[in-house]
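Quick caveat, the model's predicted, so the values are computed rather than measured. Index from 1, following the sequence. Atoms within each ligand, like the ligands themselves, are counted from 1 in listed order.
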Amino acid sequence: TQHADGGKWFEAAQNYAAKMYQFKKKAAKAKEAEYIEKKKAELQKMREKGALIEEGEGWYMDDRGEFYVKPGAALDLDIMVTDLVQEVIEAKALNLDELPMLKKKAKSFMDKYHTGQVVTYEEAQQMLEITWPIGLMECICRRERRGMYNDPMAHTCFSLGVGLYKWERWPETFRGITFLSVEEAKERLAYFNKKGCVHTLWTFYTPYIGGLCNCEYPTCLGIRGRVDYGIDGILYKGEYVIVPIPDRCTGCAECVKFCQFGAMSMSRSRNKVTVNMQKCFGCGQCLVHCPNTAFKLLEREKALGVRDHW
Ligand code: SF4
Ligand code: SF4
Ligand code: SF4
């Protein structure tokens, strides 16, 4: 609810709006000379005080592990995510002392510039109604990590909103983009949902929402980064958690196949499914695929034990 006036933040139209996009781009790309100068002066002061502990091309990190894009710099967000996750993976294997700071740095970058959140199928449908235009692009995770180049099965990322007006001018840069009507996009979404993909939204300079993805573990860097590498800001849990309805469960175990977060198991003695609510991301895929509707989605805020687990 941080970026909406009550309600779910991603249902607030302003988070998809031209004004938001231009404002964020202005701040980031710093067309305003005044803004650039102010930020440059701040940066210089930090250097002098020794509070700047790392600097890269276009970015810097202060001694609290806060990540910033340098004034006027334009970072490739996808490349930056990959680099930051790579740093965490390497530190896990080779340098545990550095791990807490690197995780902080990654979280800070993601929270500010490029974070994700799990949404249910119904929420994803609503998102497609709020924003325009809608493009379908090749999934960078499937392409880079599974070698799925020019494969229609890897066209799973909806690009949303006014950012696309710029992209339309350079289609060759945007991974085989196809523009879709709302109805076409919903049909595609239904297809991914049936396949068992987890729907995730993505910000491009938070809170501007520019992407709606259809993901799978372990290919998705967002799911993997959160579940396996413990990078909190890379992908937040959804607004719901799942609650089983044991009386309706016949123990077929179909739902377990569709949980990409390792949150479900079968109780051998009861022949019923069990959910670990701490691990549940609220994607709703178990409910979608249960033949007996033996689950309900509960608002996270009402689930006392996990209401603060995002
Ligand atoms: S977030 Fe999901 S759909 Fe988007 S690029 Fe990664 S795996 Fe592909
Ligand atoms: S799919 Fe439904 S009926 Fe089958 S184990 Fe899961 S909850 Fe029970
Ligand atoms: S238990 Fe169900 S809702 Fe929770 S993460 Fe697994 S599939 Fe998604």
Side-chain angles (χ1 to χ4, degrees), residues 77-79 81-82 85 110 114-124 136-146 148 151 153-160 174-175 188-189 192-193 195-204 210-227 234-235 237-268 270-298 300 303 306 309:
L77 297 179
D78 285 330
I79 290 178
V81 170
T82 311
V85 172
M110 281 142 196
H114 193 34
T115 189
Q117 186 180 11
V118 167
V119 292
T120 63
Y121 176 50
E122 290 72 20
E123 288 168 334
L136 188 66
M137 283 167 58
E138 190 179 56
C139 159
I140 201 162
C141 299
R142 290 172 175 94
R143 186 182 69 184
E144 300 300 328
R145 307 181 85 202
R146 296 291 174 258
M148 294 174 77
D151 184 336
M153 291 307 291
H155 280 68
T156 52
C157 299
F158 294 110
S159 301
L160 310 174
F174 292 103
R175 311 197 311 255
R188 215 52 208 147
L189 181 74
F192 298 134
N193 190 55
K195 278 247 174 227
C197 294
V198 172
H199 313 296
T200 54
L201 68 78
W202 295 92
T203 64
F204 292 80
L212 173 64
C213 282
N214 297 281
C215 309
E216 58 184 300
Y217 176 87
T219 306
C220 172
L221 194 60
I223 301 180
R224 190 106 201 249
R226 175 74 193 264
V227 172
I234 198 168
L235 180 69
K237 292 179 175 176
E239 302 284 331
Y240 298 93
V241 284
I242 208 82
V243 178
I245 306 173
D247 290 351
R248 294 190 194 161
C249 177
T250 55
C252 69
E254 190 62 16
C255 54
V256 181
K257 288 192 243 165
F258 285 92
C259 181
Q260 311 218 23
F261 298 93
M264 316 190 87
S265 54
M266 291 305 295
S267 160
R268 304 279 175 257
R270 294 168 65 231
N271 198 33
K272 306 267 181 205
V273 76
T274 308
V275 175
N276 180 338
M277 284 172 93
Q278 312 276 340
K279 288 188 175 179
C280 175
F281 273 62
C283 69
Q285 277 301 317
C286 49
L287 173 57
V288 168
H289 292 93
C290 172
N292 301 319
T293 325
F295 295 102
K296 62 178 177 195
L297 285 165
L298 175 72
R300 186 169 291 278
V306 292
H309 292 213

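Only protein N, O or S atoms were considered, and those under 2.8 Å from atom 6 (Fe) of ligand 3 are Cys259 SG.
Under 4.0 Å from ligand 1, the heavy atoms of Asn214 that appear belong solely to its backbone. By the criterion of a heavy-atom distance under 4.0 Å, neither the backbone nor the side chain of Glu216 is placed next to ligand 1. Contacts with ligand 1 closer than 4.0 Å are made by heavy atoms of both the backbone and the side chain of Cys141.
Nearest non-hydrogen protein atom to atom 4 (Fe) of ligand 2 is Cys252 SG, 2.3 Å. With respect to atom 5 (S) of ligand 2, the closest heavy atom belonging to the protein is Ala253 N, 3.1 Å. From the protein, the heavy atom lying nearest to atom 2 (Fe) of ligand 2 is Cys290 SG, 2.3 Å. When only non-hydrogen protein atoms are considered, atom 3 (S) of ligand 3 lies nearest to Gly284 N, 3.2 Å.
Atoms of ligand 2 found under 4.0 Å from any heavy atom of Val273 (numbered from 1 in listed order, with element): 7 (S). Interface atoms of ligand 2 facing Pro291, defined by a heavy-atom separation under 4.0 Å, are 1 (S). Close contacts of ligand 2 with Ala294, meaning ligand atoms under 4.0 Å from a residue heavy atom, involve 7 (S). Close contacts of ligand 2 with Phe295, meaning ligand atoms under 4.0 Å from a residue heavy atom, involve 7 (S). When each atom of ligand 2 is checked for a heavy atom of Cys249 under 4.0 Å away, the hits are 3 (S), 5 (S), 7 (S), 8 (Fe). Below 4.0 Å from some heavy atom of Asn292 lie the following atoms of ligand 2, by number and element: 3 (S). Those atoms of ligand 2 that come under 4.0 Å of a heavy atom in Thr250, given as number and element, are 3 (S), 8 (Fe).
Put simply, CD on Glu144 and CG on Asp78 are 9.5 Å apart, with the number rounded to the nearest 0.5 Å.
Residue pairs meeting the side-chain hydrogen bond (donor to acceptor under 3.5 Å, both in side chains) criterion with at least one member in residues 253-264, sequence neighbours excluded, are Glu254-Lys257.
The nearest N, O or S atom of Cys157 is not closer to atom 8 (Fe) of ligand 1 than 2.8 Å.
Closest heavy-atom approach to atom 1 (S) of ligand 1 among the candidates Pro218, Gly222, Cys215: Cys215.
The aromatic rings of His289 and Phe258 sit parallel to each other, their planes meeting at less than 30°, with 60° as the upper class boundary.
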